[in-house]
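In this chain, numbering begins with 1 at the start of the sequence shown.
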Amino acid sequence: MPAETRSLVGEDAETELGRMGLSSALLVQACVDGLRAADNQHDPFEPAISLGFQRWSKTVGALRAALEELGWTKHDHLNAPRSVSPDGTVAIAVIGGNQDTGDPGHKPENARARGAVLLSEVQANAARRGTAVPCQLTLDLGDAPLGPAVDARAVSTWILLNRVDAGARVLRCELSLPLSCHDGVVDQWARRIILPEAPVDGIAVDGRQDGGILPSDDVDFEVTAVG
């Protein structure tokens, strides 16, 4: 039987983040900074997908820069960007979420199907927790490490899900631990740490994207890298 998802909000969420050496302010600010940096450099004559890619890229960069000051390191195993904690036990991936992102009353999913690297990481999460919930699509990555001195099998990979609600003009985020997936979409979470909403006033929000912060998730760099 699938394990029940535990969702943490408010002080409980902050306490859990503190155990990981993190704070909600740091994570949310990285997402806001990524949005702002991408929008500041966007040229409307560029391809339509370029803004989404830049928002994802700049958010990854902002998160990595903030975490590096705390002793975290960046890794790009098979072109999948991750930040890894100083003790090598936690990795964070930045991925766009669907409309249920940041809502403790609903179950979110990643907005676009992901590739083999994330699927392998989700399997590793499940194996460490002793659950019998495999991913449907899998790829054996063998003993390939996440990066120097980091064994992918020893790391719990969390996802910083983020999404802009264009109607409410707020950014919603959560740091959540995926436990299973189906066709590249996470369908079970072991734990969800719900982060405070952040206003996006002054940042262009394209309602045609249905509030999605990362239309670039259509571009699956992980699949491209491994196959």
Does Glu68 have more than 12 heavy atoms from other residues, nucleotides or ligands lying within 6.0 Å of its CD? no
Can you tell me how far CD1 of Ile95 sits from CZ of Arg112, rounded to the nearest 0.5 angstrom? 12.5 Å
Passes side chain to side chain contact (heavy atoms under 4.5 Å, CB included), Leu26 versus Leu70? Steps please. CA-CA 11 Å; Leu26 181 149; Leu70 301 180; 3.6 Å; yes
In Å and rounded to the nearest 0.5 Å, what is the CZ to OG1 distance from Arg192 to Thr101? 8.0 Å
Taking side-chain contact (heavy atoms from CB on, under 4.5 Å) as the test, write out the residues that go with Arg36, two or more places apart. Val32, Asn40, Ile203
What pair of heavy atoms forms the shortest contact from Asp87 to Thr89, and how long is it? OD1-OG1, 2.8 Å
Please check if Ile194 and Leu63 belong to a single hydrophobic cluster, counting links between Ile, Leu, Val, Met, Phe, Trp and Tyr side chain heavy atoms closer than 4.5 Å. no
State, without any angle test, whether Ser180 and His182 hold a side-chain donor-acceptor pair at a distance under 3.5 Å. no
Given side chain to side chain contact (heavy atoms under 4.5 Å, CB included), test Cys31 with Leu171 step by step and report yes or no. CA-CA 8 Å; Cys31 292; Leu171 172 69; 3.4 Å; yes
Euclidean distance, Leu195 CG relative to Leu160 CG, rounded to 0.5 Å: 7.0 Å
Between Arg172 and Glu197, the two heavy atoms sitting closest are NE-OE2, 2.8 Å
If we check side chain to side chain contact (heavy atoms under 4.5 Å, CB included) with Asn125, which of these qualifies: Glu121, Arg128, Gln123? Arg128
Rounded to the nearest 0.5 Å, how far apart are CG of Asp12 and CD of Glu16? 9.0 Å
Nearest 0.5 Å, please: how far is CG in Leu179 from CZ in Arg191? 11.5 Å
Could you measure the distance from the CG atom of Leu51 to the CD atom of Glu46? Nearest 0.5 Å is fine. 8.5 Å
Residues Asp39, Lys58: salt bridge by 4.0 Å N-O rule: no
Establish whether Trp72 and Leu175 are linked, either directly or via other cluster members, by ILVMFWY side-chain heavy-atom contacts under 4.5 Å. yes
